[in-house]
Undergrad: 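If you scroll down you'll find the structure; I have some questions about it.
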Amino acid sequence: MPIRAILGLLLGLMVYATAISMRRDVLQAQYRTHGYELPFTLESALYFRRVKMLYDRGGQLPERDPMIFYPEGIRTRETYTFGAEYVQAALMHLFPDRLSPEQKLRWIDCLWFSLGIPLLGIWVAVRSRSPWGGLVAAIFYAVALSSVIRSTGQELSRENAALPLLIGFLMSVALAETTAKVYARNLWALISAGCLAGALWTWDLIQFPVAL
């Protein structure tokens, strides 16, 4: 493997680790301030409930959820669209049992969102033809307050799951357009299509930035 590729991989891992560390530090600071682990609120609580049902029921959802819109309940699949919840519920089983479901999901949210940071760096580096530009962009995305505060895992959102896939789509398109070999270009084009499909499956509002 070329030295530049190894160096780029190490820098990407460092930025990824830094992003995770910052988000976990902010989350722990919130806990220390309040003296306890904060609960999910509003939409995050409903999101967590859907993932928890899938986690507890082995990937199955009840046809009707009586705990929402009591006492009639709601028809689960007619009310919600599901995407990342299935993957997150499956990943929760990989974490130690000593962690609560809330802690597991907060770790998954932080780890997954942070994956988009090195991918953003690669996208900018390829588009601008400047490795340093890509590194600066990745670092900024890793430490910017607006990015950190929304991805600590304290609150959950569908866009947090979709954004890394959207960035992966943009990165793959850029690599496909700049790759000379036909096989590699077709492979990156296929990956880009998969990432875009995954992003749309995870969060339907992805259609708006894609249209723009």
Side-chain angles (χ1 to χ4, degrees), residues 1-30 84 87-88 91 94 105-200 202-203 205-206 208-212:
M1 184 180 291
I3 297 297
R4 289 183 62 183
I6 295 175
L7 180 60
L9 178 62
L10 291 175
L11 288 173
L13 289 174
M14 289 175 59
V15 172
Y16 181 62
T18 300
I20 294 170
S21 178
M22 284 196 65
R23 284 154 178 77
R24 294 299 300 181
D25 285 345
V26 170
L27 183 64
Q28 294 302 320
Q30 290 176 319
V87 178
Q88 291 167 334
L91 290 175
L94 302 178
L105 191 53
R106 283 183 166 124
W107 266 110
I108 292 170
D109 185 75
C110 175
L111 292 170
W112 177 252
F113 181 90
S114 298
L115 274 178
I117 294 170
L119 299 183
L120 177 81
I122 297 173
W123 173 46
V124 172
V126 173
R127 277 298 187 192
S128 65
R129 298 181 181 179
S130 171
W132 287 109
L135 179 61
V136 170
I139 292 174
F140 180 78
Y141 193 28
V143 303
L145 181 59
S146 57
S147 171
V148 172
I149 204 67
R150 67 169 292 108
S151 55
T152 63
Q154 174 55 47
E155 298 294 348
L156 306 172
S157 64
R158 300 177 68 83
E159 53 265 38
N160 276 9
L163 284 175
L165 290 167
L166 177 63
I167 296 171
F169 159 71
L170 296 171
M171 180 201 73
S172 301
V173 169
L175 288 170
E177 291 176 346
T178 56
T179 300
K181 296 182 179 179
V182 175
Y183 172 78
R185 186 165 63 247
N186 291 340
L187 178 60
W188 282 118
L190 183 62
I191 293 173
S192 72
C195 287
L196 181 57
L200 286 167
T202 303
W203 187 39
L205 291 183
I206 283 292
F208 292 109
V210 170
L212 290 173

Undergrad: So M171 and S192, do their side chains get closer than 4.5 Å, heavy atoms only?
TA: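 They are not in side-chain contact.
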Undergrad: Check whether any side-chain N or O of S147 sits under 3.5 Å from a backbone N or O of Y141 as a donor-acceptor pair, and report yes or no.
TA: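 It does hold such a pair.
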Undergrad: Below 4.5 Å, heavy atoms only, C-beta onward: do V15 and L135 meet side chain to side chain?
TA: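 They are in contact (side-chain heavy atoms under 4.5 Å apart), so the answer is yes.
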Undergrad: Any donor and acceptor pair, going by atom type alone, linking the side chain of Y16 with main-chain N or O of L111 inside 3.5 Å?
TA: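 Side chain of Y16 to backbone of L111, a donor-acceptor pair under 3.5 Å: yes, one is there.
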Undergrad: Is the shortest heavy-atom distance from the side chain of I20 to the side chain of W107 under 4.5 Å?
TA: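 I20 vs W107: side chains touch.
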Undergrad: If you measure from the Lys or Arg side-chain nitrogens to the Asp or Glu carboxylate oxygens, is any gap between E159 and R150 under 4.0 Å?
TA: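 Yes, charged N to carboxylate O under 4.0 Å.
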Undergrad: Output the distance between atom CD1 (I206) and atom CG (L163), rounded to the nearest 0.5 Å.
TA: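 Reported to 0.5 Å precision, the distance equals 6.0 Å.
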Undergrad: Quick one: are R185 and L190 in side-chain contact, heavy atoms under 4.5 Å?
TA: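 No, their side chains stay 4.5 Å or more apart.
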Undergrad: Does any part of the side chain of L165, heavy atoms only, come nearer than 4.5 Å to the side chain of W112, both counted from C-beta?
TA: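 A side-chain contact under 4.5 Å exists here.
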Undergrad: As an exercise, state the distance from CG of D25 to CD of Q30, rounded to the nearest 0.5 Å.
TA: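 Spacing of CG (D25) from CD (Q30) equals 11.5 Å.
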Undergrad: S21 side chain to A17 main-chain N or O, any donor-acceptor pair under 3.5 Å?
TA: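 No; judged by distance alone, with no hydrogens or angles, the pair does not exist.
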Undergrad: Given 3.5 Å as the limit, does a donor-acceptor pair link the side chain of R23 with the main chain of G153, or not?
TA: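 Not a single qualifying donor-acceptor pair exists.
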Undergrad: Look up atom CZ in F113 and atom OG in S151, then write down how far apart they are to the nearest 0.5 Å.
TA: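 The CZ atom of F113 sits 4.0 Å away from the OG atom of S151.
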Undergrad: Would you call R24 and T152 a side-chain contact if the rule is heavy atoms closer than 4.5 Å?
TA: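 Sidechains of T152 and R24: no contact.
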Undergrad: On a heavy-atom basis, which atom in A19 and which in A142 lie closest, and how many Å separate them?
TA: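 So the minimum-distance heavy-atom pair works out to CB-CB, 3.9 Å.
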Undergrad: How many angstroms lie between atom CD1 of I167 and atom OG of S172, to the nearest 0.5 angstrom?
TA: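 Taking CD1 in I167 and OG in S172, the distance rounds to 11.5 Å.
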Undergrad: Do NZ/NE/NH1/NH2 and the carboxylate oxygens of R106 and E155 come within less than 4.0 Å?
TA: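 Here R106 does not pair with E155 in a salt bridge, since their nearest N and O are not under 4.0 Å apart.
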Undergrad: So which atom in S114 and which in C110 form the shortest heavy-atom distance, rounded to 0.1 Å?
TA: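 Minimum heavy-atom contact is OG-O, 2.8 Å.
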Undergrad: Here's a test for you: under side chain to side chain contact (heavy atoms under 4.5 Å, CB included), which of I191, V126, L187 qualifies with L175?
TA: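 Single pass found, and it is V126.
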Undergrad: Could you tell me the separation between the CG atom of L166 and the OG1 atom of T202, rounded to the nearest 0.5 Å?
TA: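 Between atom CG of L166 and atom OG1 of T202 there are 11.0 Å.
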Undergrad: Please round to the nearest 0.5 Å and tell me the distance separating atom CG of L119 and atom CD1 of I122.
TA: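 Taking CG in L119 and CD1 in I122, the distance rounds to 5.5 Å.
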Undergrad: Just so I know, are the side chains of V182 and N186 near enough to count as touching, which here means a heavy-atom distance under 4.5 Å?
TA: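 They are in side-chain contact.
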